Amino acid sequence: MTETRTEFEARAAESGAGATEAFRKKQKGGADVPAERVSAMARDALEAIHDVIRKDHMTYEEYDALKTWLIRVGEDGEWPLFLDVWVEHVVEDVNTSHRSGSKGSIEGPYYVPDAPQPEDGVIPMREDEPGTPLTWTGQVTSTEGAPLGGATVELWHADANGFYSQYAPGLPEWNLRGTFLADEQGRFTIRTVQPAPYQIPTDGACGRLIAAADWHAWRPAHLHVKVSAPGHELLTAQLYFPGDPHNEDDIASAVKPELVLDPQDAGDGTVSVDYGFVLDPATADSPTTR
C-alpha cells in the first residue's frame, strides 16, 4: 500500500482544494469583528511586514517573487494549509492560555464534523487497514475531578500513507473518523490503528516556500481529537507518539510535552494507551475556542 512520490503529489492539490471548500462551508456568513479590532490588527500586521522589509532590505526582485507566491497560494487553494501550519499554533496558545485543564493544540485543515458513532468502539476503517492496532482508554473529568458522563470524543487521523479520508481519492468516506461517547463515569475505549508521520502537501505554493527556504515538510505521527461536554469548553488537541524524529521540529509547531502519549506494547502485535482529558468550565468570559 506504499504510495509513490508522484501519487502523493497528485493528491496534494486536491487536498488543498478540499480544505478551502470545507472552510468556506464552515464560515457561512463570516465573522462579526468590530471595525476597531480589524483596524488595530491590520495595522499591526502591516507594520510587522514593513519591519521585515526594512530589516532584511527586501529587493524589488524579492518583492515580485513574494507577490507571485501569494497569488499562487490562492490559486492552489492552500490558504487554509498555510495558515493552519504556520499561524494557527499561536492563535491556539493565545485563546487557551487561561485554561487549567488539559492542553490543546491546533485543529488543522482536515476536520469533518458529524463522523459516525460506532457501537463497538472501533473507528471506521478498511478490512486491510495498515498500521499497528491501537487500543486507547481514558476518562474525561472536570477541573474539580468530577467525571463527565456522556462526554463526546471525536477522533480523526491520517492513514499509514499520510492521507485523510474526504481529502484524498480512493478512501472510504469516513475512514479513520469516528465519534465516541464516554460512559456515566466519563470513561471511553477506542480501537483504531497507530498513524504514521507524513509530509504536508508539497506540490503547491506551500511546497515552494518549503523548498525555497530549505525547510522540511514533516509532521510527526498524531491523533486529532475534539472533546466536549455540556457546560465545559471544547478541547481540540493532537496527541503524539514518543520517539518520533519530528516531535522536536514539527513543521506546524504544534507538539507539546503534555500531548505525548505513552503507548505500551501489549505483546500480541498491538499497543495500548491510557490518556484522559480534563475540561475547563465554560464561562461567559471564555474566548471562542475550538
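Values in this document were obtained by computation on a predicted structure and should not be read as measured data.
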Relative to the ring of [Y], is the ring of [X] parallel (under 30°), tilted (30 to 60°) or perpendicular (over 60°)?
X: His216; Y: His246; answer: tilted
X: Trp69; Y: Phe82; answer: perpendicular
X: Trp136; Y: Phe188; answer: perpendicular

For the residue pair [X] and [Y], confirm or rule out a side-chain donor-acceptor distance under 3.5 Å.
X: His57; Y: Arg54; value: no
X: Ser165; Y: Arg177; value: yes
X: Asp262; Y: Gln264; value: yes

field: With sequence neighbours excluded, residues passing side-chain contact (heavy atoms from CB on, under 4.5 Å) with Ser102
entry: Leu235, Phe277, Val278

- prompt: Under a 4.5 Å cut-off applied to non-hydrogen side-chain atoms, are Leu176 and Val193 in contact?
  reply: yes

Value rounded to 0.5 Å, distance of [atom1] in [X] from [atom2] in [Y]:
X: Arg72; Y: Cys206; atom1: CZ; atom2: SG; answer: 10.5 Å
X: Ile251; Y: Ile200; atom1: CD1; atom2: CD1; answer: 5.5 Å
X: Asp93; Y: Lys256; atom1: CG; atom2: NZ; answer: 4.5 Å

field: Residue pair Arg191, Asp120: steps toward the salt bridge (Lys or Arg N to Asp or Glu O under 4.0 Å) verdict
entry: CA-CA 9 Å; Arg191 293 178 175 83; Asp120 57 3; over 6 Å; no

- request: Run through Glu107, Glu233, Glu154 and flag the one making a salt bridge (Lys or Arg N to Asp or Glu O under 4.0 Å) with Lys226.
  value: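 In the set Glu107, Glu233, Glu154, the residue that makes a salt bridge (Lys or Arg N to Asp or Glu O under 4.0 Å) with Lys226 is Glu107.
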
